[in-house]
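We number each residue from 1, following the sequence as shown.
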Amino acid sequence: MTNERRFQRQMKDHFRIAHADRLAELNKRAPSALPTRKDILTSLSKGEEFDVLIIGGGATGAGVALDAQTRGLKTALVELDDFSSGTSSRSTKLIHGGVRYLQAAIMKLDLEQYRMVKEALFERHNLLEIAPHLSSPLPIMLPIYKLWQVPYYWSGIKAYDFVSGKRVLKNSFFISKSQALERFPMLKNESLKGALIYYDGQHNDARMNLAIILTAIRHGAKCANHVRVEKLNKDENGKVIGAHVKDMVTSGEWDIKAKAVINATGPFTDSIRLMGDPETARPICAPSSGVHITLPGYYSPSNTGLLDPDTSDGRVIFFLPWERMTIAGTTDAPSDVTLSPQPTDHDIEFILQEIRGYLSKDVSVRRGDVMSAWSGLRPLVRDPNKKDTKSLARNHIIEVGKSGLVTIAGGKWTTYRHMAEETVDTVVKVHDLKTESGCVTPGLLLEGAHDWNSLQYIHLVQDYGMEVDVAQHLSNTYGDRAFVVARMCKMTGKRWPIVGQRLHPEFPYLDAEVRYAVREYACTAVDVIARRMRLAFLNTYAAHEVLPDVVRVMGEELGWSYAEQRQQLDKARAFIDLEMGQNAKQTAVSNAPLNLTKEEMQKAKERFNQLDKDRKGHITVNDLRKHFREHNQKIDERVLHELLNEVDLNKNGEIEIAEFFQLYSGLKGGQLTSNRLVGYLDEIHGTPSVNRACGGI
């Protein structure tokens with residue numbers, strides 16, 4: 001060995017040891033509490049210069065903040081809405097390399113796609129290691145209905161295992177028809193030849209995004225949500241030197257100085273690029289809408305997902321257990337850029353129709369079983385560095401504008417860390433920033449992972465007297481910080497559980513989590529029900545029902561006035577109705593053909609007339625109030641308005657006979673599984689409930 005080669009080897013060993021030492025130091029669990037949002041805003045508004053200012057608090061922006069801060073760069077981040085409020089909370093919840101990308105790479109001998117899959121498989125392994133409380137391996141079944149598909153899909157799945165190398169989660173395998181039905185009983189058994197089982201990762205996407213942000217803050221980054229960039233500040237040479245921002249909570253405004261500004265705004269990439277280079281920046285983002293739906297947990301086994309690789313229009317549909325419910329998606333259609341993407345009834349029906357094709361005829365897939373639905377904008381991009389601007393980039397791109405603005409766009413959730421690493425590498429090089437080390441994020445533990453283990457929930461049950469499902473939820477949501485939440489819980493006054501007041505009887509969320517959410521920078525009721533908890537994504541009815549308690553607790557923590565609490569309630573209800581699919585469900589009911597017999601319509605009309613005693617032809621909230629009082633039923637005024645609103649399809653403040661017929665028809669046909677107004681009336685009049693049996697009224 002020559003002296004030069006020996007020296008190079010010694011230097012590599014030196015850097016490897018130095019990297020390991022720095023990672024070990026960074027991986028020590030921080031015992032102190034997080035800084036408050038007010039503290040962070042004070043630091044951002046002092047006028048000090050940061051090395052890096054990141055715009056965007058999704059997975060990519062959060063990853064960039066963590067990477068930059070742990071290299072020793074003074075880092076700031078601002079997000080217009082909440083952390084993970086956009087695409088990063090509306091994914092398929094998978095951490096995957098991309099089976100279909102590998103298929104395309106092999107079939108087309110595409111080296112770029114192969115490298116993308118290889119990179120994603122490394123990131124899948126890393127994410128499962130650094131946040132084990134938020135992620136886990138998930139077996140996914142690929143049912144096979146034609147014999148020739150057995151070797152075809154088997155070779156593809158085995159290639160996926162091979163490319164994973166030593167980081168393969170578990171080896172894939174083939175199972176017989178009987179084994180497939182035993183594992184997934186609701187699967188269609190006609191012509192079923194067997195199934196392949198392969199493994200990918202699954203996670204709680206919004207909580208994962210938040211964990212990355214909180215970890216960056218623990219290491220010293222100044223990250224603030226609900227802060228809007230009003231404009232980019234430039235020097236006399238037209239170079240970006242920071243941004244003028246506005247706090248959307250307090251309306252305060254100030255400048256943030258930075259040596260480098262990074263645009264990580266996903267679907268909103270072009271709006272920031274145009275701020276930086278209005279004369280030369282060409283639009284590069286082509287958003288695509290992906291809709292998912294949530295179904296009851298009984299639609300899928302608790303530990304196995306399903307992949308439909310060949311839908312009627314060539315798209316891929318996943319059918320996955322998640323948070324004790326079942327999610328299905330996704331669609332893929334061009335979309336306009338919007339802060340409030342909404343699922344359409346057409347997209348929901350497409351997903352349901354594809355599901356029906358894979359499930360047993362004994363399973364009635366009903367429109368009314370859709371508990372929630374959401375649309376996420378995937379930020380597909382055209383590479384501005386290539387002459388062919390029509391083709392969309394398969395992977396992420398990094399652009400440096402003339403103003404010095406660095407843009408990171410495209411990519412996918414799984415590869416957020418690698419995208420962040422390449423972005424910070426570019427920023428350091430272009431802006432000549434001085435770092436303490438290279439990238440240290442592979443193996444860097446995220447918030448909650450340090451002292452967590454899979455049996456931690458047992459300590460919560462034994463030490464605090466919590467119900468098992470609640471303890472499991474806290475452990476899998478907050479990791480080793482679950483004990484902090486447990487100490488915030490109040491006594492129930494019952495023999496069991498001893499502590500832990502549920503917000504809703506059907507879900508394991510606690511009122512103490514709302515208080516803890518404020519410490520995790522939740523500023524609105526939507527921040528809580530959609531991202532700190534995931535209730536809005538799981539069940540829109542339950543989300544509506546817990547909102548008053550959520551707003552009350554937040555009001556106590558944040559000092560909200562009565563007017564502010566009402567405003568928060570209204571905004572959260574609008575979010576659930578528009579962005580979580582509640583309005584789409586009402587549209588489906590109103591558009592559904594009536595399927596009532598003459599006798600059923602007569603009974604429905606008799607029930608309508610019991611409420612409309614003045615024979616006005618419509619029912620008002622006064623009619624409901626009077627009816628309940630006559631039957632000694634005390635109903636809260638807010639609930640009365642909710643009962644009317646749920647049936648008032650055209651939103652004119654009254655229930656007409658046609659809407660009443662649609663309600664009963666929807667209950668009978670399965671477009672709706674239940675309705676609170678009908679439930680109350682059945683209870684008062686002792687009528688067999690159409691809520692429970694879709695037969696007579």
Enquirer: Check whether any side-chain N or O of T326 sits under 3.5 Å from a backbone N or O of P296 as a donor-acceptor pair, and report yes or no.
Expert: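 Yes, because the side chain of T326 sits within donor-acceptor range (under 3.5 Å) of the backbone of P296.
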
Enquirer: Give a yes-or-no answer on whether the side chains of R324 and Q472 include a donor-acceptor pair shorter than 3.5 Å.
Expert: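 Short answer, yes.
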
Enquirer: Quick check: does any side chain N or O of S43 sit under 3.5 Å from a backbone N or O of L41, one acting as donor and the other as acceptor?
Expert: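 No, because the side chain of S43 does not come within donor-acceptor range (under 3.5 Å) of the backbone of L41.
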
Enquirer: Report the C-alpha separation of H459 and Y464 in whole Å, then their side-chain angles, then the decisive distance to 0.1 Å, and conclude whether the side chain to side chain contact (heavy atoms under 4.5 Å, CB included) test is met.
Expert: CA-CA 8 Å; H459 294 287; Y464 291 89; over 6 Å; no

Enquirer: Between R552 and D511, is there a side-chain N and carboxylate O pair less than 4.0 Å apart?
Expert: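 Looking at D511 together with R552, the answer is no, because their closest N to O distance does not fall below 4.0 Å.
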
Enquirer: Output yes when a side-chain donor or acceptor of D67 lies under 3.5 Å from a complementary backbone atom of A62, and no otherwise.
Expert: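 Side chain of D67 to backbone of A62, a donor-acceptor pair under 3.5 Å: no, none is there.
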
Enquirer: Is it true that R515 and E556 have a side-chain N and a carboxylate O under 4.0 angstrom from each other?
Expert: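 Result for this pair is yes, salt bridge flagged.
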
Enquirer: Any idea which heavy atoms bring I355 and A328 closest together, and the distance?
Expert: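 Closest approach of I355 to A328: CD1-CB, 3.6 Å.
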
Enquirer: Please give me the minimum heavy-atom distance between V528 and A522, naming the atom from each residue.
Expert: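 Closest pair (atom of V528, atom of A522, distance): CG2-CB, 3.9 Å.
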
Enquirer: Which atoms form the tightest heavy-atom contact between G329 and I351, and what is the distance?
Expert: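 G329 and I351 have their closest heavy atoms at CA-CD1, 4.1 Å.
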
Enquirer: When you compare the side chains of Q456 and S475, does any donor N or O come within less than 3.5 Å of an acceptor on the partner?
Expert: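 Note: Q456 and S475 side chains meet the donor-acceptor criterion.
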
Enquirer: Can the ring centroids of F507 and H504 be said to lie less than 6.0 angstrom from one another?
Expert: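 Distance test on ring centres: under 6.0 Å, yes.
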
Enquirer: Do R531 and S89 have side-chain N/O donor and acceptor atoms under 3.5 Å apart?
Expert: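 No, because no side-chain N or O of R531 sits under 3.5 Å from a partner of the opposite role on S89.
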
Enquirer: Side chains of T250 and D247: do they bring a donor and an acceptor to under 3.5 Å?
Expert: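 Their side chains do contain a donor-acceptor pair, which is all the 3.5 Å distance test asks for.
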
Enquirer: Test R37 against N225 for side chain to side chain donor-acceptor pair (under 3.5 Å), laying out the working first.
Expert: CA-CA 9 Å; R37 184 174 185 272; N225 54 353; 3.2 Å; yes

Enquirer: With no hydrogens and no angle check, is any side-chain donor or acceptor of Q69 less than 3.5 Å from a backbone partner on H219?
Expert: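 Answer holds: yes.
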
Enquirer: Considering non-hydrogen atoms only, spot the tightest contact between T75 and A68 and give its length.
Expert: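 Heavy atoms only, the tightest pair is OG1-CB, 3.5 Å.
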
Enquirer: Donor-acceptor pair, T215 side chain versus A211 backbone, under 3.5 Å?
Expert: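 Answer holds: yes.
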
Enquirer: Looking only at the side chains, is there a donor atom on one of E646 and H544 sitting less than 3.5 Å from an acceptor on the other?
Expert: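 The answer is no; no qualifying pair exists.
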
Enquirer: Under 3.5 Å, side chain of S135 to main-chain N/O of Q202, donor-acceptor pair present?
Expert: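 No, the answer is negative, given that no donor and acceptor are paired below the 3.5 Å cut-off.
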
Enquirer: Looking at residues at least two apart in the chain, or sitting in another chain, which of them share a side chain to side chain donor-acceptor pair (under 3.5 Å) with S91?
Expert: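 Side chain to side chain donor-acceptor pair (under 3.5 Å) check on S91 returns D205.
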
Enquirer: Side-chain contact, heavy-atom cut-off 4.5 Å: E467 with W496?
Expert: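 Sidechains of W496 and E467: in contact.
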
Enquirer: Please check this pair: side chain of T42 against backbone of K38, looking for a donor-acceptor N/O pair closer than 3.5 Å.
Expert: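 Checking the backbone N and O of K38 against the side chain of T42, a donor-acceptor pair under 3.5 Å is found.
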
Enquirer: Where do E79 and S85 land on the side chain to side chain contact (heavy atoms under 4.5 Å, CB included) test, with the steps shown first?
Expert: CA-CA 9 Å; E79 159 61 41; S85 58; 3.7 Å; yes

Enquirer: Are D369 and R366 within salt-bridge range, i.e. N to O under 4.0 Å?
Expert: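 Answer for the salt bridge query: yes.
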
Enquirer: Closest approach of L643 and L677, non-hydrogen atoms and distance?
Expert: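 For L643 versus L677, the nearest heavy atoms are CD2-N, 3.7 Å.
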
Enquirer: Flag the pair R534 and E323 as a salt bridge only when some basic side-chain nitrogen lies within less than 4.0 angstrom of an acidic carboxylate oxygen.
Expert: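 No, R534 and E323 are not salt-bridged.
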
Enquirer: Side chains of D347 and T330: closer than 4.5 Å at any heavy-atom pair?
Expert: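 SC-SC contact between D347 and T330 ruled out.
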
Enquirer: If you take all heavy atoms of P132 and I130, which pair is closest and at what distance?
Expert: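 Closest approach of P132 to I130, heavy atoms only: CD-C, 3.6 Å.
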
Enquirer: Going by heavy atoms in the side chains, are M533 and E513 under 4.5 Å from each other?
Expert: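 They are in side-chain contact.
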
Enquirer: Using a 4.5 Å cut-off on heavy atoms from C-beta on, say whether the side chain of T92 contacts that of L320.
Expert: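 Of all side-chain heavy-atom pairs linking T92 with L320, at least one is under 4.5 Å.
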
Enquirer: Does the side chain of H133 reach to within under 4.5 Å of the side chain of D480, using non-hydrogen atoms?
Expert: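 No - every pair of side-chain heavy atoms lies 4.5 Å or more apart.
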
Enquirer: When the ring planes of W374 and H292 are compared, do they come out parallel, tilted or perpendicular, using 30° and 60° as the limits?
Expert: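 Ring orientation of W374 relative to H292: parallel.
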
Enquirer: Is it true that E564 and R566 make a salt bridge, defined as a side-chain N closer than 4.0 Å to a carboxylate O?
Expert: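 Looking at E564 and R566, the cut-off is not met.
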
Enquirer: Could you check T304 against I140 for side chain to side chain contact (heavy atoms under 4.5 Å, CB included), going step by step and ending with a plain yes or no?
Expert: CA-CA 6 Å; T304 302; I140 299 176; over 6 Å; no

Enquirer: Return yes if some donor-acceptor pair links the side-chain N/O of D527 with the main-chain N/O of T524 below 3.5 Å, else return no.
Expert: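 It does hold such a pair.
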
Enquirer: Are the side chains of K93 and N204 in touch, meaning some heavy atoms are under 4.5 Å apart?
Expert: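 No - every pair of side-chain heavy atoms lies 4.5 Å or more apart.
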
Enquirer: Do NZ/NE/NH1/NH2 and the carboxylate oxygens of R417 and E123 come within less than 4.0 Å?
Expert: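 Between E123 and R417 there is a salt bridge, with a charged N closer than 4.0 Å to a carboxylate O.
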
Enquirer: Quick check: do K412 and M419 have side-chain heavy atoms less than 4.5 Å from each other?
Expert: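 The answer is no, as the side chains (C-beta and beyond) never meet within the 4.5 Å cut-off.
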
Enquirer: Is there a donor-acceptor pair closer than 3.5 Å between any side-chain N or O of T477 and the backbone N or O of L474?
Expert: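 Between the backbone of L474 and the side chain of T477 there is no qualifying donor-acceptor contact (under 3.5 Å).
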
Enquirer: Could you check L578 against S340 for side chain to side chain contact (heavy atoms under 4.5 Å, CB included), going step by step and ending with a plain yes or no?
Expert: CA-CA 8 Å; L578 296 175; S340 304; over 6 Å; no

Enquirer: Going by distance alone, is a donor N or O of one side chain under 3.5 Å from an acceptor N or O of the other, for S372 and T294?
Expert: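 Note: S372 and T294 side chains miss the donor-acceptor criterion.
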
Enquirer: I'd like to know if the side chain of R22 reaches the main chain of T70, judged simply by a donor and an acceptor atom lying under 3.5 Å from each other, with no hydrogens or angles considered.
Expert: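 Yes, R22 side chain to T70 backbone: donor-acceptor pair under 3.5 Å.
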
Enquirer: Answer yes when K170 and D200 have at least one side-chain N-carboxylate O distance shorter than 4.0 Å, and no when they do not.
Expert: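 So K170 does not pair with D200 through a salt bridge.
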
Enquirer: With a cut-off of 3.5 Å and sequence neighbours excluded, list every side-chain donor-acceptor pair involving residues 482-493.
Expert:
{"residue": "T492", "atom": "OG1", "partner": "K494", "partner atom": "N", "Å": "3.2"}
{"residue": "T492", "atom": "OG1", "partner": "P497", "partner atom": "O", "Å": "2.3"}
{"residue": "T492", "atom": "OG1", "partner": "I498", "partner atom": "O", "Å": "3.3"}

Enquirer: If the threshold is 4.0 Å, N to carboxylate O, is there a salt bridge linking E447 and R481?
Expert: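 Yes, charged N to carboxylate O under 4.0 Å.
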
